[in-house]
Amino acid sequence: MRRLSFLISSLLFSSLSISSHAKLLTDPKQIGKDYDFVVVGAGTAGNVIANRLTENPKWKVLVVEAGISNDGLELISTPYFAPTASPNKPWTWNYTTTPQVALGNRTLNYERGKLLGGSSSINYMIYTRGSSEYWDSIAKYSGDSGWSWKTIYPYFKKLETFTPPADHHDTSKQFEPSVHGFNGPLGVSLPGYPNEISGRIINTTNADPTTFPFNLDGNSGNQLGISWLQASINDTVRSSSATAYLAPKYISRPNLDVLIEQQVTKILFSKAGRTSPHATGIQFSAGPSSPSFTVSPSKEVILSGGTVGSTQLLLLSGIGPSSELSSLKIPVVLSNPQVGQNLVDHPALANHFFANSGNTLDDLKRNATDLELAEEQYNNTGTGVLVDTVSPAIAFLRLPSNDSVFRQFPDTASGPNSPHYEFVWRDGWASFLPITAPTTGNYTTITQVVVAPASRGTITLNSSSPWDSPLIDPAFLTNEYDIILSRFAIKSARAFMNATSWAGFNLGLAPDAAVAQTDDEIDDFVRSNTVPIYHPIGTNRIQGVGKGETGVVDSKLLVKGVTGLRVVDASVFPFIVAGHPEATIYALAERTSDVIKQTWA
Ligand SMILES: Cc1cc2nc3c(=O)[nH]c(=O)nc-3n(C[C@H](O)[C@H](O)[C@H](O)COP(=O)(O)OP(=O)(O)OC[C@H]3O[C@@H](n4cnc5c(N)ncnc54)[C@H](O)[C@@H]3O)c2cc1C
Ligand SMILES: *[C@@H]1O[C@H](CO)[C@@H](O)[C@H](O)[C@H]1NC(C)=O
Ligand SMILES: *[C@@H]1O[C@H](CO)[C@@H](O)[C@H](O)[C@H]1NC(C)=O
Ligand SMILES: *[C@@H]1O[C@H](CO)[C@@H](O)[C@H](O)[C@H]1NC(C)=O
Ligand SMILES: *[C@@H]1O[C@H](CO)[C@@H](O)[C@H](O)[C@H]1NC(C)=O
Ligand SMILES: *[C@@H]1O[C@H](CO)[C@@H](O)[C@H](O)[C@H]1NC(C)=O
Ligand SMILES: *[C@@H]1O[C@H](CO)[C@@H](O)[C@H](O)[C@H]1NC(C)=O
Ligand SMILES: *[C@@H]1O[C@H](CO)[C@@H](O)[C@H](O)[C@H]1NC(C)=O
Ligand SMILES: *[C@@H]1O[C@H](CO)[C@@H](O)[C@H](O)[C@H]1NC(C)=O
Ligand SMILES: *[C@@H]1O[C@H](CO)[C@@H](O)[C@H](O)[C@H]1NC(C)=O
Ligand SMILES: *[C@@H]1O[C@H](CO)[C@@H](O)[C@H](O)[C@H]1NC(C)=O
């Protein structure tokens, strides 16, 4: 049986590989000369741009990606394996942060995907659009109503196909169909395997609807409350920007070329006959001792290298703080002290509880036989525990508006109907560094995230070589406010697990968490256990219209002070979404594709 299924799946895989490899190029000599647009990075945003611009058969687009193909990688495609798709894989960048001063100088792995699909190929697939207030705040800040919820909402519908969950259960009380799309490239779905904690989570919303209200669909623009988790999954497999926007029918377009395993090392500028520097093209290479090539599009260079990649590339190319560039002997093309500033990321932390159950997912991590059985079931029937990602549900919650923290600090939420913190659950121990999973015991985890943090960090160059990592400093918890919010969320998680729906199931705090009782102990626990969930944004942010506001790109995402250069990825957001950013990046790129089409119409 296994042999047969292996045969079938390898046949399937090889035919898939042939079709989707059809237009993937690895040899720079295979590329053309007459591109209209060159996109740097085949990641979450980059593939949207490449797909939408090549809808116009007259435009030729080249995408240059540093990483490898996503094809046939089981750890990438199987939802359950998402947390093991990183770190230190042949398809990751392997960054680490600088020592985090508010976390006892710990340095942290800082995951980024280096393959087709970028980080959408290695992320946890949690799919959240943010609140309508979030988008309206960007519209207000940028003075561009094109970023309002009203304008963005149709793009959310356009980009997705809401698909039935793998087990085809009744989902009528689990999402609101009218706010979803059913004809877009990206698959979005609900959990597809029954889970022993889901019922208890939902029952808690019935028991205490004031503190923990149920929300039928947190992606409606009305985000607050506890909802069933929506994830970028098509039936049983990950839906990434590569599987969705570079699907065989798109990548086979004669006007789209995707060159992989080539890193862009520089944006080229010329000032000849112009008032400001013009991006004439890019330079790229397979490695420090490989030859360099250049390519020059007739219309635009579009940077979609992600918050780390695009920022590093702008700096390497001479756009950034002139003192930083000069100290590394990089010729200054355009001085802009904002490049690399305003880095925002979400601090996360796992709350572990003992579970009175022998059916948690802990066993799957410890018993290779059981994991193999689950894999066999998944391979043969597309069912079972491997069809789902990290959590069955998601909560977006607020501190009460009279909380004392707001007497000391301004409220960072996008508005009165937007959250401060988040929960996701795991029916088992959720391994987050620095705590590795214990070898015995059965657990429930609430991972909490401060989704509206006040701390701000930086990305700067460590050297003038494109082959060296930049210095990434998310500055986690450097603003005391974020510690106070973390402390509140910990107490809230404990109160949640104290509800009657968990009676007999929750056997109390696991030893790692139980050490934190007083506020001081909780704060120490926060500093020792906070980790990233890899949502960096903001280092090339959109310019604000308010007095004294600065930025890197205008509201059409064109780099200020130069021509022919746009940035389309997470780095342009002026504020962080209170949630997980992939959906917001897809929508940003969808709308910007239309802006580009209008510009060149
Ligand atoms: C482990 C992990 C879990 C996450 N979980 C979630 C989640 O559950 N839900 C969610 O919404 N978000 C999640 N995120 C965040 C989300 O995936 C990212 O915010 C998003 O994918 C970033 O999109 P992007 O287009 O800005 O950049 P990316 O998708 O990272 O794309 C950048 C691309 O550019 C390429 N590139 C960079 N520099 C160069 C260069 N110089 N030359 C050529 N190519 C280059 C990269 O290799 C990459 O392919 C997670 C992220 C990680 C890492
Ligand atoms: C990351 O680590 C893996 C495993 O060691 C390696 O294969 C890969 O090349 C590394 N990536 C980078 C960008 O160095
Ligand atoms: C962290 O490093 C900084 C700078 O090196 C140092 O001043 C500080 O004392 C260190 N903090 C801890 C907790 O070790
Ligand atoms: C989902 O997968 C099926 C089977 O591979 C495919 O036909 C379909 O186009 C995919 N849909 C989306 C939205 O990805
Ligand atoms: C949730 O509540 C319903 C109604 O009270 C009950 O039938 C069900 O058993 C509960 N589920 C769990 C998992 O406790
Ligand atoms: C955990 O569950 C297993 C069954 O898988 C059971 O044998 C064991 O006693 C449980 N352990 C605890 C600490 O509850
Ligand atoms: C692992 O799971 C298998 C199948 O369920 C079971 O037979 C075996 O006893 C388990 N091994 C251990 C060490 O628990
Ligand atoms: C399941 O399929 C994958 C290929 O997608 C293969 O690598 C793996 O070994 C298979 N597992 C089992 C248990 O059959
Ligand atoms: C906030 O208001 C609630 C009632 O609305 C009250 O019970 C609580 O004590 C107040 N908290 C503070 C810190 O004032
Ligand atoms: C920065 O460069 C120094 C000197 O070359 C090196 O020791 C250090 O590891 C680099 N830091 C990072 C984060 O790469
Ligand atoms: C949990 O419930 C018990 C009994 O009702 C109460 O004494 C305790 O304070 C509660 N703990 C939390 C964190 O809510």
Side-chain angles (χ1 to χ4, degrees), residues 39-49 63-68 70 82-87 91-93 95 98-106 109-130 210 229-232 240-242 259-267 282-285 303-314 316-317 345-346 348 389-391 394 399-407 424 466-467 527 532-537 540 567-573 576-577 579-586 588-589:
V39 180
V40 178
T44 314
N47 295 334
V48 178
I49 298 289
V63 187
V64 182
E65 165 58 46
I68 61 174
N70 62 317
T84 53
S86 61
W91 53 79
T92 56
W93 284 96
Y95 296 127
T98 59
Q100 294 298 285
V101 291
L103 307 184
N105 286 336
R106 283 185 290 133
N109 285 341
Y110 209 65
E111 308 309 333
R112 298 283 90 197
K114 189 183 177 187
L115 75 170
L116 290 182
S119 299
S120 76
S121 287
I122 64 160
N123 73 14
Y124 304 159
M125 295 170 262
I126 298 174
Y127 191 78
T128 59
R129 297 167 170 178
T210 313
L229 188 82
Q230 298 176 14
S232 43
S240 69
S241 86
L259 178 66
I260 57 174
E261 296 168 39
Q262 293 287 331
Q263 184 172 325
V264 177
T265 52
K266 203 174 189 180
I267 309 157
I282 56 167
Q283 179 182 299
F284 58 89
S285 164
L303 291 192
S304 297
T307 296
V308 179
S310 290
T311 307
Q312 183 186 24
L313 193 54
L314 281 178
L316 288 170
S317 308
D345 199 351
H346 288 141
T389 182
V390 289
S391 178
I394 190 161
L399 273 69
S401 52
N402 66 352
D403 191 283
S404 59
V405 69
F406 301 121
R407 291 203 289 271
V424 288
W467 310 105
R527 291 177 191 282
I533 46 167
Y534 319 117
H535 297 168
I537 62 107
N540 303 310
V567 182
V568 189
D569 58 31
S571 67
V572 303
F573 286 112
I576 198 162
V577 69
H580 301 249
E582 68 167 347
T584 67
I585 297 162
Y586 284 121
L588 173 107

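Numbering of ligands and ligand atoms starts at 1, following listing order.
- Ligand 1 has no N or O atom lying under 3.5 Å from any N or O atom of Lys114, backbone or side chain.
- Looking only at protein heavy atoms, the nearest one to atom 22 (C) of ligand 1 is Ile585 CD1, 3.6 Å.
- Of all the heavy atoms of Gln312, none lies under 4.0 Å from any atom of ligand 1, so neither backbone nor side chain is involved.
- Residues Ser285 and Trp467 approach most closely at O-CH2, 3.5 Å, considering heavy atoms.
- Scanning the protein heavy atoms around atom 11 (O) of ligand 1, the nearest turns out to be Glu582 N, 2.7 Å.
- Nearest protein heavy-atom neighbour of atom 53 (C) of ligand 1: Glu111 O, 3.3 Å.
- When Val390, Asn123, Thr44, Val64 are ranked by how near their heavy atoms come to atom 50 (C) of ligand 1, first place goes to Asn123.
- Geometrically, ligand 1 and Pro581 share a nitrogen or oxygen pair separated by less than 3.5 Å.
- Residues passing the ring-ring contact (aromatic ring centres under 6.0 Å, His included) test with His535 are His346, His580, sequence neighbours excluded.
- Of all heavy-atom pairs spanning Pro99 and Asn105, the tightest one is CB-O, 3.6 Å.
- Nearest to atom 5 (N) of ligand 1 among the protein's heavy atoms is Tyr124 N, 3.0 Å.
- Under the 3.5 Å distance criterion, the side-chain polar atoms of Arg106 are matched with a main-chain donor or acceptor of Arg527.
- Proximity of a side-chain donor or acceptor of Ser240 to a complementary backbone N or O of Ser120 within less than 3.5 Å is not detected.
- Annotation: atom 8 (O) of ligand 1 to nearest protein heavy atom, Ile126 N, 2.9 Å.
- Between Gly309 and ligand 1, a contact under 3.5 Å exists for no N or O pair.
- A pairwise comparison of heavy atoms in Asn540 and Ser310 identifies ND2-CB, 4.0 Å as the closest pair.
- For ligand 1, the polar-atom distance check finds an N/O of Ser119 within less than 3.5 Å of one of the ligand's N/O atoms.
- Note on ligand 1: Thr265 sits outside its first shell, no heavy atom being nearer than 4.0 Å.
- Using a non-hydrogen distance threshold of 4.0 Å, Trp93 registers as a contact of ligand 1.
- Heavy atoms only, all atoms of each residue included: Glu111 and Ile122 are closest at CB-CD1, 4.4 Å.
- Geometrically, ligand 1 and Val264 share a nitrogen or oxygen pair separated by less than 3.5 Å.
- When only non-hydrogen protein atoms are considered, atom 37 (C) of ligand 1 lies nearest to Gly305 O, 3.3 Å.
- In the candidate list Ala45, Gly41, Gly113, Ser86, Gly113 is nearest to atom 48 (C) of ligand 1, counting heavy atoms.
- Near Gly118, the atoms of ligand 1 lying under 4.0 angstrom from a non-hydrogen atom of the residue are 29 (O), 31 (O), 48 (C), 49 (O).
- Among all non-hydrogen protein atoms, the one lying nearest atom 27 (O) of ligand 1 is Gly306 CA, 3.4 Å.
- At the shortest separation from atom 31 (O) of ligand 1 among protein heavy atoms lies Gly43 CA, 3.3 Å.
- With a heavy-atom cut-off of 4.0 Å, Leu115 touches ligand 1 through its backbone alone.
- When all heavy atoms are compared, the tightest approach of Asn70 to Ala242 is ND2-CB, 3.6 Å.
- Note: Thr44 OG1 to Tyr586 OH = 5.5 Å, rounded to the nearest 0.5 Å.
- Among Tyr95, Tyr127, Tyr534, the residue whose heavy atom lies closest to atom 15 (C) of ligand 1 is Tyr534.
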Under the side chain to side chain contact (heavy atoms under 4.5 Å, CB included) rule, what do Tyr95 and Val308 come out as? Steps first, then yes or no, please. CA-CA 9 Å; Tyr95 296 127; Val308 179; 3.5 Å; yes
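- The contact shell of ligand 9, taken as protein residues with any non-hydrogen atom closer than 4.0 angstrom, comprises Asn402.
- For ligand 1, one of its N or O atoms has an N or O atom of Ala66 under 3.5 Å away.
- Residue-ligand proximity, Ala570 to ligand 1, at heavy-atom distances under 4.0 Å covers atoms 26 (O).
- Annotation: the span from Asp569 atom CG to Ile537 atom CD1 amounts to 11.0 Å, rounded to 0.5 Å.
- Of the heavy atoms in Pro536, none comes closer than 4.0 Å to ligand 1.
- Side chain of Ser304 to main chain of Val568: a donor-acceptor pair is present (N/O by atom type, distance under 3.5 Å, no hydrogens or angles).
- Taking any N or O of Met125, backbone or side chain, at least one lies under 3.5 Å from an N or O belonging to ligand 1.
- Here the side chain of Glu65 pairs a donor or acceptor atom with the backbone of Gly67 at under 3.5 angstrom.
- Considering both main-chain and side-chain atoms, Glu65 comes within under 3.5 Å of ligand 1 through a nitrogen or oxygen pair.
- Between Thr389 and Tyr124, the shortest heavy-atom contact is OG1-O, 2.6 Å.
- Between the side chain of Gln263 and the main chain of Glu261, no donor-acceptor pair closer than 3.5 Å is present.
- Distance check, rounded to the nearest 0.5 Å: CD1 of Ile282 to OG of Ser317 gives 10.0 Å.
- With values rounded to the nearest 0.5 angstrom, Tyr110 atom OH is found 7.5 Å from Thr307 atom OG1.
- Taken to the nearest 0.5 Å, the CD1 atom of Ile533 stands 10.5 Å off from the CG atom of Asn123.
- Near Ser120, meaning under 4.0 Å from any of its heavy atoms, are these atoms of ligand 1: 21 (O).
- Geometrically, ligand 1 and Gly46 share no nitrogen or oxygen pair separated by less than 3.5 Å.
- Distance CD1/Ile267 to CG/Leu316: 9.0 Å, rounded to 0.5 Å.
- Below 4.0 Å from some heavy atom of Gln263 lie the following atoms of ligand 1, by number and element: 40 (C), 41 (N), 42 (N).
- With hydrogens and angles ignored, the 3.5 Å screen pairs a side-chain donor or acceptor of Ser241 with a backbone N or O of Gly43.
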